[in-house]
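Structure, as structure tokens:
A quick note: this is a predicted structure, and the numbers were derived from the prediction, not measured. So you know, we letter chains A, B, ... as the sequences are listed, proteins then strands, and number each from 1.
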Protein chains: 2
Amino acid sequence: MVKLVKTDSTEEKILISAKKNFLKNGMAGARMQDIADEAGINKALLHYYFRTKEKLFEVIFREAASNFFPQLEGIISAEAPLSEKIQGFCSAYIDMLLQNPFLPMFVLTESNNQPQRFRQKLWKNRGHLFMRFAADVNNEIKKKNIKPVDPGQLFMNMIALCIFPFLAKPIWQMTTGMGETEFRRMIEERKKIIPQLINDSIKK
Amino acid sequence: MVKLVKTDSTEEKILISAKKNFLKNGMAGARMQDIADEAGINKALLHYYFRTKEKLFEVIFREAASNFFPQLEGIISAEAPLSEKIQGFCSAYIDMLLQNPFLPMFVLTESNNQPQRFRQKLWKNRGHLFMRFAADVNNEIKKKNIKPVDPGQLFMNMIALCIFPFLAKPIWQMTTGMGETEFRRMIEERKKIIPQLINDSIKK
DNA sequence: GTCTATACTCGGATAGAC
DNA sequence: GTCTATCCGAGTATAGAC
């Protein structure tokens, strides 16, 4: 996809600043003043470009949401054994999350607050990745290569194990006294642990 | 524990209403007016009892947080094989979550917003349950009854699998078109699936 | 303890000059 | 397109009567 806006344009500066602020504080917590300050402009100009806070938020949210279920069609569609796909998916997904640690919390909280209609429009037909995955799983079941399992539960397990530590990070660090590097090491470790767990659970 | 406040006292009515509102909308989203309305009183009286919104919030938050890592010492301390404890823990935890579906989202989001100092005070020494569990696991490892695994990762996996579906519920329902009863059935199913998964992962 | 009325603050939005 | 100045509503908090 081609970037239609120059990196140093005012609009782009606003979007960068807005993304940072919204991801950190959510729609309710973010302040137009802060967004303006960080973009090096004033509030009036924000409204000139995006009319309202809500409209600005929507732009950021849409993009974030589209990344929540990652675009890993590449891995899922590849010609490879299921177990390797699972391995590749988890590893790549965790890497993405490491680079966007606020993404899960943001998408989950804000999804709750959106009105029903908007939510539907946003998430409907977003299930391509999952359906592709489910087809793979069902196929392997039919070929009797793996145990008969519910692909939905399998997918839920996989993303739960990948995402949850990022959500619980602050609490986890508090209760265990874990520092930044230790936490990181634990996450890295999970790139091996999770595929192992998932693959073991379907192995015949 | 003895309830010090009569159920129909004004204070109790406020607390019930506040809990409902805070859990649903979070600290930022909740409105003192709504809390007052639902308690059948006016705003002024809220402040009479709890001085500020923040103080009222703290009361609710403390109680919610103390339930997040559940008090299942009963199960964990029991004289039973580890596999049965895991089974019992997951099942009881999920039942608790079914009765408090907003709890996970609330505790996680609000924990992020608390200042460092308060967070520490709140979560420090909250790790009894986990330490007890870790001791059990290490013991079984020493006796060569199970594979050598990191108890931390094991515990993380267990709670991730239990909690995450409640966090992702709205998104999950949107993408899959799942209704209320189907979602419930899926959760019920997980009471069996999760212990199986966890126990299989440590079985020799 | 409970109410009505009001003060105060914060933050999103707009007017209008340049 | 960008700025300064200002408005205005929402929402927390308080004063003071009963």
Atom pair distance, as rounded to whole Å: [atom1] in [X] and [atom2] in [N]:
X	N	atom1	atom2	value
B:M27	D:dT12	CE	C1'	10 Å
A:K13	D:dT2	NZ	P	8 Å
A:K53	C:dA13	NZ	C1'	12 Å
A:F50	C:dA13	CZ	P	13 Å

Beyond-backbone contact of [X] with [Y], side-chain heavy atoms, under 4.5 angstrom:
X	Y	value
A:F61	A:F106	yes
A:F130	B:T175	no
B:I14	B:L56	yes

List in numerical order all residues of residues 55-62 of chain B for which some heavy atom is under 4.0 Å away from an atom belonging to DNA chain D.
-> none
Give a yes-or-no answer on whether the side chains of B:D200 and B:Q196 include a donor-acceptor pair shorter than 3.5 Å.
-> no
B:Q99 side chain to B:D95 side chain, donor-acceptor N/O pair below 3.5 angstrom | no
So, B:E58 and B:R62, do they make that salt bridge, N to O below 4.0 Å?
-> yes
Do NZ/NE/NH1/NH2 and the carboxylate oxygens of A:E38 and A:K19 come within less than 4.0 Å?
-> no
Return no unless some side-chain N or O of [X] is found under 4.0 Å from OP1 or OP2 of [N].
X	N	result
B:Y48	C:dC3	no
B:R51	D:dT14	yes
A:T52	C:dG12	no
B:T10	C:dT2	yes

By a strict heavy-atom criterion of less than 4.0 Å, which residues belonging to residues 31-47 of chain B are in contact with DNA chain C?
-> B:I41, B:N42, B:A44, B:L45
If you look at every strand shown and take non-hydrogen atoms under 4.0 Å, does A:A30 touch a base, only sugar-phosphate, or nothing?
-> sugar-phosphate
Single hit among B:D150, B:L197, B:V149, B:I198 for side-chain contact (heavy atoms from CB on, under 4.5 Å) with B:N157 = B:I198
Criterion side-chain hydrogen bond (donor to acceptor under 3.5 Å, both in side chains) against B:E188, the qualifying member of B:K191, B:R185, B:K192 = B:K191
